[in-house]
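Structure record follows, encoded as structure tokens.
Values below: every heavy atom of this structure, side chains too, minus hydrogens, waters and symmetry copies.
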Amino acid sequence: MPIYEYACRNCHRELQALIMKAEDEKDLACPGCGGHNLKRLISRVSYHQSEEDRLADFDSASSRSDSFYRDSRNIGLQAKKRAREMGVDLGSGFEEKLEKLRTDPGSVIRDSE
Ligand SMILES: [Zn+2]
């Protein structure tokens, strides 16, 4: 998700905004003074990591706490990272299965029966 942080040049208030297209940014107004004189900051919103960032951060050798696996986006990440390290192309079928596993775990079990 493209979430950016801005600082108002008039009153120095900071705000975050979800920007889906360039026009969204033009409509942004400072919640403090209503001004449009905003400066985009380097985003510090780390929980909006892309999957690539997650893969880069992921250390497959270290053990993970239960909370890590409660985040469904992390399911399959270890398998994916290992496969990448070994140079295995999992193909688009794997991505589809992973997506199913994340959104509807029951369906994957049903499919493999
Ligand atoms: Zn302002």
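- N37 CG to C11 SG: the interatomic distance, rounded to the nearest 0.5 Å, is 10.0 Å.
- Annotation for L15 and P31: closest pair CD2-CD, 3.8 Å, computed over non-hydrogen atoms.
- One side chain, E25 or Y6, offers a donor N or O that lies under 3.5 Å from an acceptor on the other.
- Taking each heavy atom of A17 and L28 in turn, the nearest pair found is CB-CD2, 3.5 Å.
- In this structure, CD on Q16 lies 4.5 Å from CD on E5, to the nearest 0.5 angstrom.
- For the residue pair G35 and N10, the shortest heavy atom distance occurs at CA-ND2, 4.1 Å.
- Residues A29 and G34 come closest through the heavy atom pair CB-O, 3.9 Å.
- The one candidate from H12, R13, E14, H36 that meets the side-chain contact (heavy atoms from CB on, under 4.5 Å) condition with C30 is R13.
- A distance of 5.5 Å separates CE in M20 from CG in L18, rounded to the nearest 0.5 Å.
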